[in-house]
Each structure stands twice: as structure tokens, then as C-alpha cells.
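Hydrogens, waters and symmetry mates are skipped; everything else that's a heavy atom, side chains included, is used. So that the names make sense, note that chain A is the first sequence line, chain B the second, and so on, each numbered from 1.
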There are 2 protein chains.
Amino acid sequence: MKRQLANIILFHRKRSGLTQVELAEMAGVGKNMVYELEKGKQSIQLDNILRVLQVLNIELTFQSPLRESFMKEHPDADC
Amino acid sequence: MKRQLANIILFHRKRSGLTQVELAEMAGVGKNMVYELEKGKQSIQLDNILRVLQVLNIELTFQSPLRESFMKEHPDADC
DNA sequence: AATTATTTCCCTGCTAACAGGGGAATACCA
DNA sequence: TGGTATTCCCCTGTTAGCAGGGAAATAATT
């Protein structure tokens, strides 16, 4: 997961034909943010990352053994 | 996804019998971080969130239509 | 009810993320 | 090869995340 996020964002941005600056503007963040994101910087605020991911149509999900088994018994729980 | 992260963390912390302070110490972050995380604060650094998730054995994954179709053709790609 | 544990929410100082600018380096064309 | 587009990486000032302390509010335990 270290550089995974960086790779995913780079991959999706290139595929969508956007430059770093264009992506930054669409996401409402600074251009250096996008640059550092793709460089693999970890200390970036979640909300900024989410803005970028939203533009690229990338979804973020959480998984854990505990969660899976719980959701099986409570299908309508929001957690 | 707004409060989802907060709920997941709270749920897992309770299940593991940890207090906010204990979780914070194990994750190597401040106690207020954990409190704000569970309150749903979005502007938190990703690396700090990941430290907390790691303690609780929660995994983070990315999904997108583009990614799925690409991984099908390149099963060993790391992106 | 009384005691203890935990959470909530103040506060302070430090630090680094952030936006935005700019220039050099590199990549991408015609 | 020359020109353009894009990326890389520096800089500056602002701002807010962060750790840590502490105290009131709430929850849990006996």
C-alpha cells in the first residue's frame, strides 16, 4: 500500500487525459498536492485525497475479518 | 463514506476492548487524533489514519471500473 | 450512591501541510 | 531540431493538524 495509492492515481489520471494541474483544479486542491500524492507522500489529509479520488472515479473501501462477519449478521448496518 | 470511517474505527476499537488512549498509544498517535477520527473529522493525515487502521486490523482498498478491467488483463500489475 | 474509568472538549506551542508562484528539467510533439 | 506541454522541485506565508495536558461530563463498575 506504500506506493499503491500513488500508482493508482497516476494511472487513472493518465487514462483520463488530465494533467496534474487540471486534476488539481477539478479536485479543488493545489497542484503540488497532486504532485506529492503521485510521488507517494503519505502525510496528506484524507479529505484532499478523497477529492482527487472522486474526480478519478475511484472508490475507497475498508475491509476486516471482524467487519465481514458482522455485516453478514447485520446486513443493514452502516459501519 | 462521510462517517463510515468513524463508525468502523469505533466499532473495531470497542470490539478489541481498547480505550481511545490505548489505541492512540498503540498506533503512535495522539489521543485527540483518535477522538477526532471517531467524531468523523475528515482533515486528518492519511498516514495517521493508516496507523490506527493497522492496529485494528482494518485494510484499505481502492476500486474503480477502470482498475478492475485493467487488472483482469494484467493480473500481476501493482496498481 | 460512591468510586473509577472513559470520553468529550477545552487550551497552548510546534510543526508541517497546503496553495500558489516560478524556474529548471524533461517529455512530447510538429 | 525547435517549440510547446508537462512535470519536477524549489521558494514563501498562511493555516490548521497534531501532541500533550487538563478538567468537566458521561459511562461503567462495585
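- The interatomic distance linking A:K41 (NZ) with D:dG17 (P) rounds to 15 Å, in whole Å.
- Residues A:L5 and A:I9 are in side-chain contact: their nearest non-hydrogen atoms beyond the backbone lie under 4.5 Å apart.
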Under 3.5 Å, which N/O atoms of the protein pair with N/O atoms of nucleotides 6-8 of chain D?
{"residue": "D:dT7", "atom": "OP1", "partner": "A:R13", "partner atom": "NH1", "Å": "2.4"}
{"residue": "D:dT7", "atom": "OP1", "partner": "A:R13", "partner atom": "NH2", "Å": "3.0"}
{"residue": "D:dT7", "atom": "OP2", "partner": "A:Q20", "partner atom": "N", "Å": "3.0"}
{"residue": "D:dC8", "atom": "OP2", "partner": "A:Q20", "partner atom": "NE2", "Å": "3.1"}

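- For the residue pair A:A24 and A:G30, the shortest heavy atom distance occurs at CB-O, 3.6 Å.
- Running 5' to 3' along DNA chain C, contacts with non-hydrogen atoms of chain A at under 4.0 Å begin and end at C:dA17 to C:dG22.
- Counting heavy atoms of neighbouring residues, nucleotides and ligands inside a 6.0 Å radius, atom CD of B:Q63 exceeds 12 of them.
- Smallest separation of non-hydrogen atoms from A:L23 and A:R13: CD2-CD, 3.6 Å.
- Among the heavy atoms of the strands, none lies under 4.0 Å from B:E36.
- Under a hydrophobic clustering in which Ile, Leu, Val, Met, Phe, Trp and Tyr are joined whenever their side-chain heavy atoms come within less than 4.5 Å, directly or via other members, A:L53 and B:L50 fall into the same cluster.
- No side-chain heavy atom of A:S64 sits under 4.5 Å from any side-chain heavy atom of B:L56.
- The hydrophobic cluster containing B:L10 does not contain B:V55, counting ILVMFWY residues as joined when their side-chain heavy atoms lie under 4.5 angstrom apart, directly or transitively.
- The minimum heavy-atom distance between B:L37 and B:A6, with the atom names listed, is O-CB, 3.3 Å.
- For CD of B:E36, the number of neighbouring non-hydrogen atoms (other residues, nucleotides, ligands) closer than 6.0 Å is greater than 12.
- Taking five base pairs at each end of the helix from C:dA1-D:dT30 to C:dA30-D:dT1, the local helix axes there meet at an angle of 70°, rounded to 10°.
- Hydrophobic clustering, with ILVMFWY side chains joined whenever heavy atoms are under 4.5 angstrom apart, groups B:L60 together with B:V29.
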